[in-house]
*Asks:* 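Here it is: the structure, laid out below.
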Amino acid sequence: MDSFQVDSSFQQVDELIKEYLLFRGFSATFRSFESECRNDKDKRFQADKIIEELYTFITNSDINALIDYWKYLDLRYFSRLDARFFGSVKKFEENLLKYYLVYATQQKRREKVLEFFDAFGTELNGNSGWTKWFGLPFSRDPTIDPNYEIFFTKQWLEMFTISLHNFLSAIFQNMPLPSLLCFNIDRLQRYVLEDEIKTLRNEINSIKNGKTETGNGDTEIKLKINKPQEPTNYTKMLQRARSLFDQKDKNVPSRSQSIQSTTSNKVNSDNNSVKSAEIYADDLCLTPIFEYAIDNSQELPGEDINPFTIMSQEIYSEHTSGISLAKFSHKGNLIASCDADNIVSIWSYSGAPVKSKIDNLNSNITCLEWESRSDKLFLMGTDERFVKIYNKESQSIVHEFQTDEHFPRVKQINCSPVEPLFACSSSPKEVDDGWNNVNGSLITWNLKTMMIQDKFILEPSMSKASGLPVAPIETLQFNHNGQMLVTGDRLGCIRIFDIRSFKPIMEWSLPKITNISLSKKGNGVICSSRFSFDENTIYVVDEAGDLMQWSIHKPGTIISHSHLNGFPPSPSLSPNHASLTKPSFRKRTSSTSSVRSTKSNKSFSGIYLTNGFGGGSSNNGNNGVTNGGNLNKVSMVSFSNDTKHVLCVGGNGGYQGVIYQTSTGNQVQLLAPHNSALTAVDWTTVNGNSVLTGAMDGSVRVTKMVTDISI
């Protein structure tokens, strides 16, 4: 595809915008838009024109303009890349500056070389890659000096140019397009279809008109219809537009990918795709760019390495104490987070101000949930019998449901995806209260009538009937139509309830697995249980770090089993934190922090988190406390919507989120680490893939990703 076809889609949209501005009478905006189009620094995302601009600054010996333009590219594109590419960006910058010095030397502009070292010598001093370059102005003939001769060769310049071109092209090909350009692609596709239909109709009419002469018109019609059509201009334009964000089969930097050799290493100015084959970024050892770009320390085992491209990672600091829970809304544009002070904040990570702050003075918040059909209602469970319903629009508690007095601790809440209904599990407050007697309850409440719909008591008699132990329910989740509910409890028992009869229709226990060796670190406590995307299986993650896939059609039959390496993170508790026994409340100070903060300066001063029974707070003010012991591991696991991946706390000793592949249990992607241990994760796929990680220092990082698949 030539550069004209690359420009055409952008040019058409630009013209449409100009036409609209004139139509509306926005003449000042029109002139401003025209001016910015003429001074387009992005060069309509054409890598060859960006490189041409960089080389223009070099030929003019304008070092300040060169550095300013590179900083613009860095801020606009390179800073949004995955961290594993940062080394390559630095290498490209270094080689670009070295080419500036090489060109100045070739043009006998020694004063420009000395001016460069006067301006940047202090900054470059101590950098091993620049140590020998301080002698360049004093070398008699750099072209034969072994320290510089390779940089004065035509081959090095060609390889560097092609490497940089490929790197920029790969970035542009994987950028998400704005909606306006997507509309243009749909328009082009419609033109393609209309053009093909018109062509086929003309051919069919022509064949029908000559049928009486040929005598075998039906056969000829079939041959004409099955004949491959020549690509039209619209088809070519559509294919080019799609190539801008093709994220799988193009030459995107990848561990397993290398570029095949070609006979030419020259840059074709009419082509904006990856052009060459043996492409190098390193200057001396000439390492292939796609091999050099990967930090080998980040290598992860698995079939699908780095299945997501990181688009942005931002840290927000709304809380002054450690995060205990955090959840995306079902529409994906809001986040509800709770801290150790039991302050719940509802806020937007898209730039809007904080929506609400809810103080919970009399009890500890144990779980959070959003109403599934909208983001209007928000539910909070406490350890004092209450499920509080908060209306985001009126910014007030509109109702409080109360559990049985024997089961005051609300363990988990999950809303039906199709009805105004939510399920709630509760348990005794302390481990000794009723452990051998009554072990909890499962209740469904109707959000329309604000009344109990069904109630199921976990009684010891259940154990006699089924042969399975009975324990408080730790996790629960509805299926897609809200007719079934899967639960997992503290002793590793999985039950599937029919919502209509509100009785378990299937149940089995993890310890019944005899063909695998289950770790006993977690004592069978289930951290997550949920239906697979096709709802033929159940995924279970337990506190020992085992990921299991169970068949629904054959209850108790395991389909796959793997261990999530690194989850849960190893306990590393300070003496004060290790002695947590009873719930306690901390004095709270008002939060003055802004939600859009790049770094949290708050320290973790004791976070009250529970894992079933017990809990407490620690006032040791220790930032080094990691997420072990009594921390709630249910909030440390979150599946993607398609259940192909699961996000857990596990990397870097619990300071980092890790994405695992559910089919193999292998780590496939590491998220950026926090400065303190993580306590909560969540995943939404409503507006693209976004994940959050909450930490003990009160920070929440939101990572936006795109899946590496073809559009």
*Asks:* Using side-chain heavy atoms (C-beta onward) and a distance below 4.5 Å, is Leu692 in contact with Phe328?
*Replies:*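 A side-chain contact under 4.5 Å exists here.
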*Asks:* Does the side chain of Glu369 come under 3.5 Å of the side chain of Asn414 through a donor N or O and an acceptor N or O?
*Replies:*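 Side-chain D/A pair, Glu369 to Asn414: present.
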*Asks:* Ring-plane angle category for Phe497 and Phe456, please: parallel below 30°, perpendicular beyond 60°, tilted otherwise.
*Replies:* perpendicular
*Asks:* Is the ring pair Phe378/Tyr390 parallel, tilted or perpendicular, if the boundaries are 30 and 60 degrees?
*Replies:*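 Aromatic pair Phe378/Tyr390 classed perpendicular.
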*Asks:* Between Met311 and Met705, is there a side-chain heavy-atom distance shorter than 4.5 Å?
*Replies:*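 No - every pair of side-chain heavy atoms lies 4.5 Å or more apart.
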*Asks:* Describe, in one word, how the ring planes of Tyr349 and Tyr316 are oriented to each other, choosing from parallel (under 30°), tilted (30 to 60°) and perpendicular (over 60°).
*Replies:* perpendicular
*Asks:* Would you confirm whether Ser396, through its side chain, and Val398, through its main-chain N or O, come within 3.5 Å as a donor-acceptor pair?
*Replies:* no
*Asks:* Would you say the side-chain atoms of Ser426 and Asp404 include a donor-acceptor pair closer than 3.5 Å?
*Replies:*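 Side chains of Ser426 and Asp404: no pair found under 3.5 Å.
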*Asks:* Can we call the ring centroids of Phe401 and Phe386 under 6.0 Å apart?
*Replies:* no
*Asks:* Side chains of Phe478 and Pro417, heavy atoms from C-beta outward: is any pair under 4.5 Å?
*Replies:*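 When only atoms from C-beta onward are counted, Pro417 and Phe478 do touch, with a gap below 4.5 Å.
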*Asks:* Do you know the tightest heavy-atom contact between His563 and Gly545?
*Replies:*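 Looking at all heavy atoms of both residues, the closest pair is ND1-O, 3.2 Å.
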*Asks:* What orientation do His645 and Phe308 show, parallel under 30°, tilted 30 to 60°, or perpendicular over 60°?
*Replies:*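 Rings of His645 and Phe308: perpendicular, over 60°.
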*Asks:* Checking side-chain polar atoms at under 3.5 Å, does Thr662 have a donor or acceptor matched by the opposite partner on Thr643?
*Replies:*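 No, no side-chain donor-acceptor pair sits under 3.5 Å.
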*Asks:* Would you say the side chain of Arg373 lies within less than 4.5 Å of the side chain of Pro420, judging by non-hydrogen atoms?
*Replies:* yes
*Asks:* Within the structure provided, determine whether Ile443 and Ile452 are in side-chain contact (heavy-atom separation under 4.5 Å).
*Replies:*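 Yes - at least one pair of side-chain heavy atoms lies under 4.5 Å apart.
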*Asks:* Looking at Leu671, Leu647, Val637, Val646, which one forms a side chain to side chain contact (heavy atoms under 4.5 Å, CB included) with Val681?
*Replies:* Leu647
*Asks:* Say whether Trp347 and Ser337, considering side chains only, have a donor N or O and an acceptor N or O under 3.5 Å apart.
*Replies:* yes
*Asks:* Going by heavy atoms in the side chains, are Arg385 and Glu405 under 4.5 Å from each other?
*Replies:*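 Yes, at least one pair of side-chain atoms sits under 4.5 Å.
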*Asks:* Out of Gln656, Gln313, Arg701, His674, which residue meets the side chain to side chain donor-acceptor pair (under 3.5 Å) rule with Thr693?
*Replies:* His674
*Asks:* Taking atom types as modelled, find out whether Ser560 and Gln549 have a side-chain donor-acceptor pair closer than 3.5 angstrom.
*Replies:*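 Yes.
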*Asks:* Can you confirm whether the side chains of His553 and Asn536 place a donor and an acceptor under 3.5 Å from each other?
*Replies:* yes
*Asks:* In the structure I gave you, are the side-chain heavy atoms of Lys392 and Lys376 within less than 4.5 Å of one another anywhere?
*Replies:*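 No - every pair of side-chain heavy atoms lies 4.5 Å or more apart.
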*Asks:* Indicate yes or no: at least one non-hydrogen side-chain atom of Asp542 is less than 4.5 angstrom from one of Val525.
*Replies:* no
